[in-house]
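As structure tokens, the structure follows; a few thoughts come after it.
What's counted below: heavy atoms across the whole structure, side chains too, no hydrogens, waters or symmetry copies. In listed order, ligands and their atoms are each counted from 1.
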Amino acid sequence: MDNKSVLEGRPALERQIAVIAEVAGYLWQKGWAERNGGNITVNITEYVDDGMRALPAICPPVRTGVVLPHLKGCWFFCKGTGKRMRDLARYPMENGSIIRILDDCSGYEIVADNPVMPTSELPSHLSVHNDFVRRGLPYRASLHTHPIELVAMSHAEKFLRKDVLTNILWSMIPETRAFCPKGLGIVEYRLPGSLALAEGTIRELEDYDVVMWEKHGVFAVGPDIMEAFDQVDVLNKSARIYIDAKCMGYEPDGMSQEQMHEMAVAFNLPE
Ligand code: 13P
Ligand code: ZN
């Protein structure tokens, strides 16, 4: 195998991969990425030049079982299945790979740098990216991770009713209302990696940028991977404050509806 990385001579792409690696490091440091927990995919099509397009695949094509027509011509960086975020942080091109979607949109092939098979959550990730292209949204990044406090709260049925958790989390600290303005959607428990999980996620992403996968983790999207990470970080901070208050023996009051409304007006947020 050629030892030259596809990133060589492509500083803009290299920078994107460096930011993905930086976020992978944060996920590990936060304790949200035990073993191979979590995954990241980023649509990197805008950084692909003719030289890259001419590269041969390094593995046979893989059919995913679903045809995603809006991904025609798209390229992605994907964390590898079974790979650790803490390793991705140091060696992104050994713990993730660059894939291109097949011309008939029925699957993908790995182009660089190593034959690392993409994450088992690829059905959710690619379906979500397909939907972004279909809707003409500028979103390029998808992140799945296991934030401890948010997952802990997803084990109580009372929090899973529509927007109950959103309102509790918004009320813990004004910034959550401002920086996660759509709140948190909920997808009831589904088998990891399943199409049912992908479909539930797409449905919720019509209204939210972050969705909770009950008793599993969260799936967040954004224009870039740092913004997707920030939204989860902000929400999990609120979950932590709620749980800390409960641990001190009281139910936190939370900001009032009037105070949250005041935030919405001041920051021009949707209500
Ligand atoms: P992968 O290692 O296949 O990305 O899976 C991690 C995970 O969190 C599954 O939900
Ligand atoms: Zn997971």
Answer whether the closest heavy-atom distance between the side chains of Ile40 and Leu27 falls below 4.5 Å.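 Yes. Closest side-chain heavy atoms under 4.5 Å.
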Are any non-hydrogen side-chain atoms of Phe267 and Arg177 less than 4.5 angstrom apart?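 In short, these two side chains do not touch, never coming nearer than 4.5 Å.
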Sub-3.5 Å donor-acceptor pair from the side chain of Glu214 to the main-chain atoms of Tyr189, do we have one?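 Indeed, once roles are kept as given, a pair shorter than 3.5 Å links the two residues.
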His70/Phe132 aromatic ring centres below 6.0 Å: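 Between His70 and Phe132, the centre distance exceeds or equals 6.0 Å.
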What is the ring orientation for Tyr242 with Phe159, classed by angle as parallel under 30°, tilted 30 to 60°, or perpendicular over 60°?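 Perpendicular: the ring planes of Tyr242 and Phe159 meet at over 60°.
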Taking only protein atoms, how many N, O or S atoms are found under 2.8 Å from the Zn ion (ligand 2)?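 N, O or S atoms of the protein closer than 2.8 Å: 3.
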Short N-O contact, Arg240 and Asp244, less than 4.0 angstrom: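 So Arg240 pairs with Asp244 through a salt bridge.
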I'd like to know if the side chain of His216 pairs up with that of His144 as donor and acceptor (distance under 3.5 Å, no hydrogens or angles considered).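 Present: a donor and an acceptor within the cut-off.
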Can you name the one residue among Asp163, Thr201, Thr166 that meets side chain to side chain donor-acceptor pair (under 3.5 Å) with Tyr208?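 Result: among Asp163, Thr201, Thr166, Asp163 is the only option passing the side chain to side chain donor-acceptor pair (under 3.5 Å) with Tyr208.
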Sorted by chain and number, the residues that approach ligand 1 to under 4.0 Å with a heavy atom: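 Asn36, Gly37, Gly38, Asn39, Lys79, Thr81, Gly82, Thr119, Ser120, Glu121, His144, His146, His216.
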Against His125, only a single residue in Phe219, Phe76, Tyr108 fulfils ring pair (Phe, Tyr, Trp, His ring centres under 6.0 Å); can you say which?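 Single ring pair (Phe, Tyr, Trp, His ring centres under 6.0 Å) partner of His125 among Phe219, Phe76, Tyr108: Phe219.
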